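Hydrogens, waters and symmetry mates are skipped; everything else that's a heavy atom, side chains included, is used. Bear in mind that the values here come from a model prediction, so they are computed numbers and not experimental data.
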Amino acid sequence: MCGIVGYVGSMRVVPIILEGLKKLEYRGYDSSGIVYLYEGKLCKHRCEGKLARLEEKIDGQRDVLSHIGLGHTRWATHGAPTERNAHPHCDCTGELVVVHNGIIENYQSLREELQQKGHLFSSDTDTEVLAHLIEESLNGDLAKAVTKALKKVHGSFALGVMWAGQPDTLVAVRNQSPLVLGIQEGGGCLLASDIPALLPFTRQMVFLDDEELAVLRPGGWEVMKLHSGRRVKKETRTIDWNAGMAEKAGYKHFMLKEIFEQPQSVLNTIRGRLDAESGLVRFSELGLGRQEAEAIRRIVLVACGTSWHAALVGKYWLEKWAGIPVEVDIASEFRYRRLLLDESSLVILISQSGETADTLAGLRLAKKMGARVIAICNVVGSTMTREAHGTIYTHAGPEIGVASTKAFTSQLAALLLLTLSLGQLKETVAPEASRELGAALVELPALLETELPRLQEEIEPLAREYAASRDFLYLGRGSMYPIALEGALKLKEISYIHAEGYAAGELKHGPIALIDREMPVLALVPRDHVYEKVVSNVEEVRARLGRLIVVGSKGDRALRKITDQAIEMPVVHQELNPILYAIPLQLLAYQIAVLRGCDVDQPRNLAKSVTVE
């Protein structure tokens, strides 16, 4: 998503900022901006659209004698992707500017408080409150003012701050959003939200941790704890990556990077929408109140591929917690049957790109028939988001690998939030259930962060054993059935092994004929309400000597008696199992594909976004 670049030193700043922002274009953005100090005044330029438009706007100013500045590429969250909402944002004096990645959760209350004190706002963004908060605290020392202001802020942020009153100083802060410093031998200092922006100028990097503040000057830099002010000794690392590797943050493939980004992408999707204490969900952008929710008589979920699997999980959640009948349609089939839609229908379209041709066609038809249409999408300003009545953005960030990973789990998180929201509006979800599920969802990203390295290590020997397989069966029941489908799809997409996902109860209705000593079978067996049923199905595979892998709950000794190839997963709220159990299946597919020498990020015959029917 958004990109930050900053520089202070002896070099001319405009070319550095523009080059750094170009290196961050892969992250995705919809507007850009730059600010630099010239003759004691801040010169700010912003524009909607691609970076080339910003370059045109400031043509002739590349060689301006300025040696300190900030740049930003924005991916819209609060406020439309317009010039007035592009970063940098100023305080009331116009002498202080901020660039920001992340989300300020309590920006609305802060904005109201600041307006009461006379502050004038010129954008719709959450970021602008930061500039005015710092202005309130400014008394000659920018770093102290930033520290004081951020005590009032809840949310995630990577910040770059500049003030005309300290013309040789940049302040950078990180909290739950990446920020890296670049150190030049000649004394220049840079900051950026990702390594590629720094590589043209230095290989010496300092990686900020959460709740750390850095002060950058031409002669040096220092890092301190945000709230205590205690100095922190930071190690400078030499980065030897080429540009392509840098964009992958050191991972061998984009797909692996995106698998490991899932804790952050799930967090980004739920942040600002879910109150952890009460479990209450707010989607003000959808325009769904109690009256509108009560008027919904049926829900239709429409999607393709991986997004369709997310929709299948959503059916289980919506029917259970919102009490509304749900149909799930493959988008390419949706408009080729007689549809029974009207004003009482809610149609939810799911697409990572927002440009999927079949899904867009379904959206337009549903609107024409009078249904309310909501999009779940990852790309701000895409066609689907413009045409839907409302959009839930997943905020997963750009997904470069063709085989979807973080977009899928973010879609699941968005669907679960929507389910809770509808259930709360219709009062079909008890307050205690909301609190319990909300708290579990808030805790999930940290759990994923912990589990990913362990799972990667445990799955590696399994991948070696099964890399030469020709076929694979995946089994699941209840909400695990769509995850079995998704696991099989991942393996097919990137390793070219034929794989099928089945509802475990369907085993005796045909697929069991395939099982022999050569057939690998992966079964999803969490301890949920259908646990005993699935165990019985697994025993049927075992009796026919199938090569059995089980993914189940930690501490379940019964699974170890069935097979010695068991992947143990932490026990979470039952409704979160689909998100959690998708992870090991992604890693298994990835590692098998690598061992087979496949092009993991760009599998043959596939495209990231299917824009033709």
Under a plain distance cut-off of 3.5 Å, with no hydrogens placed, do Gln411 and Ser307 share a side-chain donor-acceptor pair? yes
Could you report the tightest heavy-atom contact between Pro570 and Leu580, atom names first, then the distance? O-CD2, 3.4 Å
Kindly indicate whether the side chain of Ser469, heavy atoms from C-beta on, has any atom under 4.5 Å from the side chain of Arg547. yes
Answer yes or no: is there a donor N or O on one side and an acceptor on the other, between the side chain of Lys367 and the main chain of Glu387, under 3.5 Å? yes
Quick one: does Val300's side chain get under 4.5 Å of Ile348's, heavy atoms only? no
Using ring-ring contact (aromatic ring centres under 6.0 Å, His included), reason through Tyr474 and Phe472 one step at a time and then give a plain yes or no. CA-CA 7 Å; Tyr474 286 72; Phe472 233 103; 5.5 Å; yes
Lys406 side chain vs Ser265 backbone, donor-acceptor pair below 3.5 Å: no
Asp528 versus Gln574, side-chain donor and acceptor atoms under 3.5 Å: no
Gln262 and Glu449: side chain donor to acceptor below 3.5 Å: no
Hey, does the side chain of Glu460 reach the backbone of Gln591 with a donor-acceptor pair shorter than 3.5 angstrom? no
Would you check if Leu256 and Val600 make a side-chain contact, meaning some heavy-atom pair closer than 4.5 Å? no
Which residues satisfy the side chain to side chain contact (heavy atoms under 4.5 Å, CB included) test with Leu595, sequence neighbours excluded? Ala463, Arg464, Ala467
Quick check: closest heavy atoms across Leu340 and Ser345, and the distance to 0.1 Å? O-OG, 4.2 Å
Mark yes or no for whether Ser495, through its side chain, and Ile497, through its backbone, hold a donor-acceptor pair below 3.5 Å. yes
Please work out which of the three classes, parallel, tilted or perpendicular, describes the rings of His573 and Trp321, given edges at 30° and 60°. tilted
Side chains of residues 483-494: which donor-acceptor partners sit under 3.5 Å, not counting sequence neighbours?
from   : atom 1 : to     : atom 2 : distance (Å)
Glu486 : OE1    : Thr306 : OG1    : 3.0
Glu486 : OE1    : His309 : ND1    : 2.8
Glu486 : OE2    : Thr306 : OG1    : 3.2
Glu486 : OE2    : Lys490 : NZ     : 2.7
Lys490 : NZ     : Thr306 : OG1    : 3.1
Lys490 : NZ     : Ser404 : O      : 3.3
Lys490 : NZ     : Glu493 : OE1    : 2.9
Lys492 : NZ     : Ala499 : O      : 3.2

